[in-house]
Amino acid sequence: MPGKNGGSLDIGSYWEASVGEIFEDPSLMGSAQFDVAVIGAGYTGLSAALRLAEAGASVCVLDAKRVGWGASGRNGGFCCFGGTKLSEGDLIKRYGLAEARKFVLYQIEAMEKVAKRLDAWKLDVDRHSKGEMMLAHRPSELQVFEEEAAFLKKYFGYQPKLYSRAELAERGIAGPEFHGGLHVPFGFALNPMKYVQGLAAKVREKGGRIFSRSPVEAIERDANRWFLALPDGSVIARKVILAGNGYAREDVPNWLFGRTLPAMSSVVVTRPLTEDELGAQGWTSDLMAADTRTLLHYFRLLPDRRFLFGTRGGIFETEQALNATQRRGRADFDRMFPEWRHVETEYSWYGHVCLTRNLTPYVGPVPDMEGVFAAMAWHGSGIAMASLSGEKIADLALGKIKQADLPAAVSQPFDRFPFPALRQAYLQGAYLWYGFRDR
């Protein structure tokens with residue numbers, strides 16, 4: 001369904017192909033008033049809008065493209081732990097044990113939130129995988145796994161299960177770079193586009209308005225309300241929620257400038273594999289998995305027997321740089337799964353991971369902008385965190401909860417990067433170091 005400005009918004013992903021024609025909401029034309037305006041039609045913004053609509057507030061969701069065009073429709077479909085680049089040990093050092101436990105429970109609640117939605121809405125999103133398998137890409141990582149399992153049991157009350165290389169192979173998880181595994185008993189995999197489209201349908205059902213191809217170009221205070229300027233219209237709202245994540249405009253509002261760092265994550269999906277091909281490689285498990293590299297690879301066997309393989313490490317979005325990133329990703333795939341070197345890639349795309357200097361997300365009010373709230377920066381693991389945090393930011397806007405009710409790890413506003421114009425240079429240097437260390 002084409003929008004007002006014409007042109008396709010398809011990015012060529014497997015997720016788009018799996019859902020067929022994607023419904024596109026109309027653009028906002030003229031002036032409108034709502035209790036709350038939400039910027040960003042992904043998991044966060046839609047979850048906030050649903051919560052607000054169910055509470056009786058009038059709410060609109062404004063997106064520069066359409067529902068699920070950003071990270072919510074591009075990710076690898078891992079509903080798992082995440083939202084920060086800090087380990088549990090780092091969380092204890094920064095916030096103390098009680099707050100670290102609170103944040104771990106918040107992540108578990110977030111995964112359960114998604115599961116409960118899928119069950120309650122009877123939403124078929126190709127769900128599979130009981131937990132996630134972390135794979136040691138070096139033998140030395142096995143000792144780290146043992147220490148981590150003991151640490152998590154002692155301080156957080158659960159213990160991932162350790163697997164030797166032989167035990168992994170027995171479970172249908174085999175490859176020359178997998179020296180052992182650590183199975184985390186939380187989370188599951190899903191089709192992210194089916195989930196975000198189902199979430200949008202619920203927002204519409206509850207009376208929330210969604211507007212596609214409606215980029216917010218400015219936010220200004222108008223008496224005790226906020227005025228949002230759009231190309232062909234405007235919105236006046238008492239409160240505003242920023243939920244653009246790695247696709248947010250840094251000047252809407254100016255507070256965002258220099259506080260987030262979008263980085264690339266690339267995904268490929270193969271053609272369906274035959275049973276003989278799966279057996280030859282020794283990978284028949286449906287568990288979602290990732291390796292222990294800092295610039296990690298994440299992968300899983302999809303229900304239709306295609307294989308999804310994701311990589312981190314891209315920075316620049318020129319055609320030349322994107323082609324180079326795809327070649328590196330394919331070379332990694334061929335090395336890690338040598339029996340599938342002949343298997344064709346049928347889909348490839350990339351998306352933005354939203355990083356911060358703090359290495360943590362933020363769910364709370366924007367400083368010095370009364371009535372404006374932000375929830376973003378999921379550090380590459382947003383399906384669960386964004387779903388729950390969208391509800392929490394709505395509850396904050398409604399006055400139903402206080403900031404102190406949330407974990408400290410999501411309550412610190414983003415620090416601005418020093419010399420923001422050099423952020424990509426920082427990242428390029430870090431990636432060179434990570435790549436060396438990951439060998």
Side-chain angles (χ1 to χ4, degrees), residues 13-20 22-23 38 40-55 61 67-83 105-133 183-208 210 243 245 267 269 285-290 298 300-306 308 310 351 375 378 380-395:
S13 74
Y14 170 71
W15 307 130
E16 290 171 333
S18 72
V19 299
I22 297 175
F23 178 81
V38 179
Y43 303 131
T44 309
L46 293 170
S47 296
L50 180 59
R51 189 74 155 192
L52 291 161
E54 289 176 336
V61 183
V67 168
W69 186 86
S72 294
R74 299 175 185 239
N75 64 82
F78 286 49
C79 183
C80 59
F81 277 111
L105 290 174
Y106 187 86
Q107 294 174 77
I108 294 172
E109 181 186 358
M111 289 181 272
E112 292 174 345
K113 168 60 64 178
V114 178
K116 289 176 181 178
R117 284 178 174 176
L118 300 180
D119 293 340
W121 301 345
K122 295 180 172 55
L123 198 59
D124 181 7
V125 296
D126 306 324
R127 177 176 173 176
H128 67 94
S129 185
K130 294 181 179 180
E132 180 177 15
M133 184 70 78
H183 180 250
V184 179
F186 297 100
F188 51 90
L190 49 70
N191 181 317
M193 184 64 82
K194 290 183 177 180
Y195 173 45
V196 75
Q197 295 300 327
L199 182 52
K202 280 294 175 182
V203 172
R204 299 184 193 107
E205 178 186 311
K206 297 297 182 180
I210 303 173
N245 204 41
V267 182
V269 171
S285 172
D286 74 344
L287 279 178
M288 54 185 182
Y298 52 96
R300 61 187 176 99
L301 184 63
L302 302 178
D304 65 358
R305 318 315 276 170
R306 298 175 187 272
L308 178 149
W378 313 120
S381 298
I383 293 179
M385 282 291 290
S387 297
L388 178 61
S389 297
E391 288 195 355
K392 297 300 184 183
I393 202 68
D395 286 344

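These values consider heavy atoms only, across backbone and side chains, with no hydrogens, waters or symmetry-generated copies. For this chain, numbers begin at 1 and follow the sequence in order.
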Quiz item: For Met288 and Lys130, what are the C-alpha separation, side-chain angles and deciding distance, and is it a side-chain contact (heavy atoms from CB on, under 4.5 Å)?
Solution: CA-CA 8 Å; Met288 54 185 182; Lys130 294 181 179 180; over 6 Å; no
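Annotation for Leu123 and Gly198: closest pair CD2-CA, 3.9 Å, computed over non-hydrogen atoms. The shortest heavy-atom contact between Ala49 and Val203 is CB-CG1, 4.1 Å. Taking every heavy atom of both residues into account, Gly208 and Ala53 meet most closely at N-CB, 4.3 Å. The two residues Val61 and Gly40 make their nearest non-hydrogen contact at CG1-O, 3.5 Å. Here the closest non-hydrogen pair linking Arg74 and Trp69 is NE-O, 2.6 Å.
Side-chain contact between Ser47 and Leu199 is present, with heavy atoms from C-beta onward closer than 4.5 Å. Looking at heavy atoms from C-beta onward, Arg204 lies in side-chain contact with Val67 at the 4.5 angstrom threshold. Inter-residue side-chain proximity for Val196 and Leu46 is flagged as met; some heavy-atom pair is nearer than 4.5 Å. For the pair Ile383 and Asn75, the minimum side-chain heavy-atom distance is below 4.5 Å. Taking the side chain as every heavy atom from C-beta outward, Tyr106 and Met385 approach each other to under 4.5 Å. Using a 4.5 Å heavy-atom cutoff, the side chains of Ser387 and Arg117 are in contact. Considering only heavy atoms from C-beta on, Ile22 comes within 4.5 Å of Gln197 through its side chain. Taking 4.5 Å as the limit, every side-chain heavy atom of Tyr14 sits out of range of all side-chain heavy atoms of Met193.
For the atom pair CG of Asn245 and OG1 of Thr44, the computed distance is 6.0 Å after rounding to the nearest 0.5 Å. Of the inter-residue distances, the one linking Ser381 atom OG with Met111 atom CE reads 10.0 Å to the nearest 0.5 angstrom. Atom CD of residue Glu132 and atom CZ of residue Arg300 lie 11.0 Å apart, to the nearest 0.5 angstrom. Here Tyr195 contributes atom OH and Tyr43 contributes atom OH; the two are 7.5 Å apart, rounded to the nearest 0.5 Å. To the nearest 0.5 Å, atom CG of residue Leu52 and atom CD of residue Glu391 are 10.0 Å apart. Taking SG from Cys80 and OH from Tyr298, the interatomic distance works out to 11.0 Å, rounded to the nearest 0.5 Å.
For the residue pair Arg306/Ser18, the side-chain donor-acceptor check at 3.5 Å is not satisfied.
In this structure, the side-chain contact (heavy atoms from CB on, under 4.5 Å) partners of Ala115, at least two apart in sequence or on a different chain, are Arg127, Phe188. Scanning for side-chain contact (heavy atoms from CB on, under 4.5 Å) contacts around Lys202 gives Leu50, Trp121, Glu205, with sequence neighbours left out. For Ala110, the side-chain contact (heavy atoms from CB on, under 4.5 Å) test picks out Ala384, Leu388, with sequence neighbours left out.
Distance alone, capped at 3.5 Å, places no donor-acceptor pair between the His128 side chain and the Ala189 backbone. At distances below 3.5 Å, not a single donor-acceptor pair connects side-chain atoms of Glu54 with backbone N or O atoms of Arg51. At distances below 3.5 Å, not a single donor-acceptor pair connects side-chain atoms of Ser389 with backbone N or O atoms of Ala386.
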